[in-house]
Protein chains: 2
Amino acid sequence: MRKHKDLLAVLRHNRQRVTPARRFLLQFFIDNHGRSLSLPEIQTFLQDRLPGINRSSIYRNLEMLKTLSIVQELRVDRKGRHYQFVFERPVHHFIICKACGKVSKGKRNFFEQVERALQDIHDFKKANLSVTFYGFCSRCRSD
Amino acid sequence: MRKHKDLLAVLRHNRQRVTPARRFLLQFFIDNHGRSLSLPEIQTFLQDRLPGINRSSIYRNLEMLKTLSIVQELRVDRKGRHYQFVFERPVHHFIICKACGKVSKGKRNFFEQVERALQDIHDFKKANLSVTFYGFCSRCRSD
DNA sequence: CACACTAATGCATCATGTTGCAAATAGTAA
DNA sequence: TTACTATTTGCAACATGATGCATTAGTGTG
């Protein structure tokens with residue numbers, strides 16, 4: 001489980017400066033590591049603590065965290081991105097039920113099978129930080 | 001291989017009306033079935049033939065074609081969506097090389113393995129029309 | 001602690017998507 | 001053909017996301 005201090009070290013190691021916005025952002029992700037956070041929810045949180053923070057700063061910081069593989073971006077539906085804290089490595093795929101909206105983390109087993117198939121069949125390697133699958137979970141199916 | 005006339009039938013069957021914009025759009029996809037079309041390219045094409053056509057009509061029509069599984073939307077990079085005509089069934093996954101940008105259609109074999117893993121391991125079914133994988137193809141790797 | 005260097009922020013502006021509503025138009029039946 | 005109805009379109013307004021640039025503020029050094 002990754003801690004706030006460790007993450008600040010990751011930033012510094014990548015020549016990224018530790019600003020107030022980034023501290024709050026990381027803390028927010030850590031405190032909610034079990035679930036993915038919607039963009040509005042992140043915005044509200046930050047604007048609460050740093051009144052007047054600019055939209056573009058939020059976008060740019062989330063983009064940066066993505067680049068450093070600290071968070072993953074998911075598209076839950078057409079509008080609305082979510083951000084998932086990568087709190088353990090290696091990262092996983094995500095599976096979203098189109099009916100109930102539940103976001104599940106793909107099992108390691110699944111991740112490995114997909115990666116292996118990608119490499120064996122298509123000669124693609126170390127392809128993804130994550131892939132998001134949309135489907136219907138067993139509870140939302142009648143069959 | 002799906003023909004213009006067949007696609008119009010699909011529209012009608014789904015109570016979608018056949019408008020000039022939709023005729024042109026479908027023809028454009030058919031004429032370029034080998035590759036995915038960027039949104040700007042689609043816009044230019046339509047605005048050429050239907051001067052004054054509104055942005056929202058284009059978005060709405062592409063959305064409709066997605067819903068009917070006539071096209072698939074791909075995100076090639078952060079900005080910029082592409083649309084891929086589903087010219088044969090069953091549909092496939094797509095694999096995009098982050099280095100050279102090449103869009104490959106996933107092999108049937110790969111598609112099946114992924115779907116099977118998704119079902120066996122996560123009990124998700126008939127999950128996706130398509131999934132897009134990002135990675136590095138053999139030509140862009142040094143190993 | 002003060003300074004210099006560079007990266008991050010705010011701001012303004014632009015680009016891209018979305019949405020509600022009135023007007024236009026495709027499908028349908030007489 | 002005409003008239004009717006429901007869908008699609010254009011439009012306007014809004015929401016979201018991206019970008020160049022001047023200013024501000026972290027960070028390392030002396």
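Every value quoted in this text rests on a predicted model; they were computed, and no experiment measured them. So you know, we letter chains A, B, ... as the sequences are listed, proteins then strands, and number each from 1.
Phosphate proximity of D/dG17 to A/Y59: present, with a side-chain N or O under 4.0 Å from OP1 or OP2. In terms of phosphate contacts, A/R81 brings no side-chain nitrogen or oxygen within less than 4.0 Å of OP1 or OP2 of D/dT16. Between A/T19 and D/dG26 there is no side-chain polar atom (N or O) within less than 4.0 angstrom of OP1 or OP2. Listed pair B/Q16 / D/dT8 meets the phosphate criterion, a side-chain N or O lying under 4.0 Å from OP1 or OP2.
Residue A/R15 places no side-chain atom within donor-acceptor reach of the base of C/dA7, judged by atom type and a 3.5 Å distance cut-off alone.
Using a 4.0 Å heavy-atom cutoff across all strands shown, B/R22 reaches sugar-phosphate atoms only and no base atom. Residue-level contact check: B/R12 touches the backbone only, with heavy atoms under 4.0 Å from sugar-phosphate atoms and none from bases.
Closest-nucleotide positions on DNA chain C for A/I53 and B/Q43 were compared, and the one nearer the 5' end corresponds to A/I53. Where B/R17 and B/N54 meet DNA chain C, the nucleotide closest to each residue was compared, and B/N54 sits on the side nearer the 5' end.
Between the P atom of D/dT8 and the CE atom of B/M64 lies a distance of 7 Å, rounded to the nearest Å. D/dA18 atom P lies 13 Å from atom CD1 of A/I58, rounded to whole Å. One atom, CD of B/E63, and another, P of C/dT18, lie 7 Å apart when rounded to the nearest Å. Across the protein-nucleic acid pair, A/L50 atom CG and D/dG26 atom C1' stand 15 Å apart, rounded to whole Å. Going from atom CZ of B/R55 over to atom P of D/dA12 covers 12 Å, rounded to whole Å. In this structure, B/F24 atom CZ and D/dT9 atom P are separated by 13 Å, rounded to whole Å. Rounded to whole Å, the distance from CG on A/L65 to P on C/dA8 is 11 Å. A straight line from CG of A/N14 to C1' of C/dA8 spans 16 Å, rounded to a whole angstrom.
The cationic atom of A/R49 (NZ for Lys, CZ for Arg) lies less than 6.0 Å from the six-membered ring centre of A/F45 and within 45° of the ring axis.
Separation of the A/H33 and A/F85 ring centroids does not fall under the 6.0 Å cut-off. Aromatic pair B/F110/B/F133: ring centres closer than 6.0 Å.
Between A/K66 and A/L62 the shortest side-chain heavy-atom distance does not fall below 4.5 Å.
A/E63 and A/R60 are not joined by a salt bridge, as no carboxylate oxygen comes within less than 4.0 angstrom of a charged side-chain nitrogen.
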